[in-house]
Amino acid sequence: MAIERTLSIIKPDATRRNLTGKINAKFEEAGLRIVAQKRIRLSLEQAGKFYEVHKDRPFYGELCEFMASEPVVVQVLEGEGAIAKNREVMGATNPANAADGTIRKEFALSMGENSVHGSDAPETAAVEIAYFFSGLELVG
Ligand code: ADP
């Protein structure tokens, strides 16, 4: 399988509870390498643009406010089949449905406050990585 890169976000519910290290350990144990990482505070407008694909969903406003409420850690994960592997390590969107051992099963608080974001396809990964990082910031 090809080496891929994917965009990951450690969301405000997790940064607030000091879970960045524990979540990063899950990525690294799964063979994903953190090739870029920074802690930032998103404006409401930046969060809105990032989640634009969901703009017609009923939870859009709540989601954007949550993402802008406290700092997030944005990162690029690299590895074989990194996009699918990251989604596997994250677990299902709703923590009630997430498999044992996944990040969302262990740490998520609710469907909205579910600790992590991960790109869902190569095309979205490319767009999402470019939204936060320049090529010079990616150190494989
Ligand atoms: P995922 O993050 O697993 O790819 P989606 O792309 O469907 O999930 O949704 C993006 C994010 O929007 C979710 O991670 C979650 O934070 C939020 N979300 C999704 N569905 C709901 C919902 N029904 N109620 C509240 N928030 C939601």
Side-chain angles (χ1 to χ4, degrees):
M1 195 176 281
I3 299 287
E4 292 175 337
R5 285 176 170 173
T6 190
L7 191 277
S8 164
I9 305 179
I10 301 180
K11 295 183 177 183
D13 67 282
T15 60
R16 185 175 71 226
R17 289 176 290 150
N18 243 1
L19 293 171
T20 300
K22 285 190 174 142
I23 290 173
N24 278 348
K26 294 267 193 199
F27 294 141
E28 293 185 339
E29 279 159 17
L32 293 164
R33 182 176 297 279
I34 301 163
V35 298
Q37 173 167 263
K38 58 190 171 190
R39 181 175 167 96
I40 58 172
R41 177 84 188 252
L42 290 173
S43 67
L44 197 53
E45 197 183 16
Q46 289 165 336
K49 189 160 179 243
F50 181 77
Y51 275 121
E52 205 159 29
V53 58
H54 293 309
K55 69 178 186 309
D56 296 327
R57 310 276 288 274
F59 56 83
Y60 178 68
E62 182 192 327
L63 173 62
C64 295
E65 276 174 26
F66 165 59
M67 292 300 287
S69 66
E70 283 182 76
V72 295
V73 173
V74 292
Q75 45 192 196
V76 179
L77 308 178
E78 182 183 88
E80 269 189 31
I83 296 166
K85 189 178 276 181
N86 181 37
R87 303 274 306 176
E88 207 179 300
V89 177
M90 287 163 56
T93 309
N94 184 346
N97 301 329
D100 284 347
T102 61
I103 292 169
R104 285 169 166 169
K105 175 74 175 191
E106 274 186 40
F107 303 123
L109 299 176
S110 65
M111 181 98 166
E113 300 201 11
N114 60 3
S115 304
V116 279
H117 164 85
S119 308
D120 61 4
E123 302 73 33
T124 45
V127 171
E128 291 179 0
I129 289 170
Y131 189 65
F132 291 110
F133 294 97
S134 75
L136 285 175
E137 291 176 297
L138 307 174
V139 185

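Each ligand, and each atom within it, is numbered from 1 in the order the structure gives.
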Undergrad: Using a 4.0 Å heavy-atom threshold (strictly under), name the region of His117 that reaches ligand 1: side chain, backbone, both or neither.
TA: neither
Undergrad: Of all the non-hydrogen atoms in the protein, which one sits nearest to atom 15 (C) of ligand 1, and at what distance?
TA: Met111 O, 3.2 Å
Undergrad: Salt bridge check: are Arg33 and Glu78 linked by an N-O gap of less than 4.0 Å?
TA: no
Undergrad: Check salt bridge (charged side-chain N to carboxylate O under 4.0 Å, His left out) between Glu70 and all other residues, then give those that pass, not counting sequence neighbours.
TA: Arg16
Undergrad: To which protein heavy atom is atom 2 (O) of ligand 1 closest, and what is the distance rounded to 0.1 Å?
TA: Arg104 NH2, 3.1 Å
Undergrad: Looking at Tyr60 and His54, what are the two nearest heavy atoms and their distance?
TA: CB-O, 3.4 Å
Undergrad: Yes or no: does Lys11 have any heavy atom under 4.0 Å from an atom of ligand 1?
TA: yes
Undergrad: Same hydrophobic cluster for Val35 and Val72, using side-chain heavy-atom links shorter than 4.5 Å among ILVMFWY?
TA: yes
Undergrad: Heavy atom of Asp120 under 4.0 Å from ligand 1?
TA: no
Undergrad: Using heavy-atom distances, let me know which of Leu63, Thr93, Asp13 sits nearest atom 1 (P) of ligand 1.
TA: Thr93
Undergrad: Indicate, as side chain, backbone, both or neither, the part of Met67 found under 4.0 angstrom from ligand 1 when only non-hydrogen atoms are considered.
TA: neither
Undergrad: Grouping I, L, V, M, F, W and Y whenever their side-chain heavy atoms are under 4.5 Å apart, do Met90 and Phe66 come out in a common cluster?
TA: no
Undergrad: What is the closest protein heavy atom to atom 13 (C) of ligand 1, and at what distance does it sit?
TA: Asn114 ND2, 3.6 Å
Undergrad: Nearest protein heavy-atom contact for atom 25 (C) of ligand 1: which residue, which atom, what distance?
TA: Phe59 CB, 3.6 Å
Undergrad: Taking heavy atoms and a distance under 4.0 Å, where does His54 meet ligand 1: side chain, backbone, both or neither?
TA: side chain
Undergrad: Measure up the His117 and Phe50 rings against each other and bin them: parallel (under 30°), tilted (30 to 60°), perpendicular (over 60°).
TA: perpendicular
Undergrad: Would you say Phe133 ends up clustered with Tyr131 if hydrophobic residues are merged whenever their side chains have heavy atoms under 4.5 Å apart, either directly or through other cluster members?
TA: yes
Undergrad: When you measure from atom 4 (O) of ligand 1 to every protein heavy atom, which one gives the shortest distance, and what is it?
TA: Arg87 NH1, 2.9 Å
Undergrad: For atom 26 (N) of ligand 1, what's the nearest protein heavy-atom neighbour? Residue, atom name and distance, please.
TA: Gly112 CA, 3.5 Å
Undergrad: Can you list the residues that meet the salt bridge (charged side-chain N to carboxylate O under 4.0 Å, His left out) rule with Lys38, with sequence neighbours excluded?
TA: Glu137
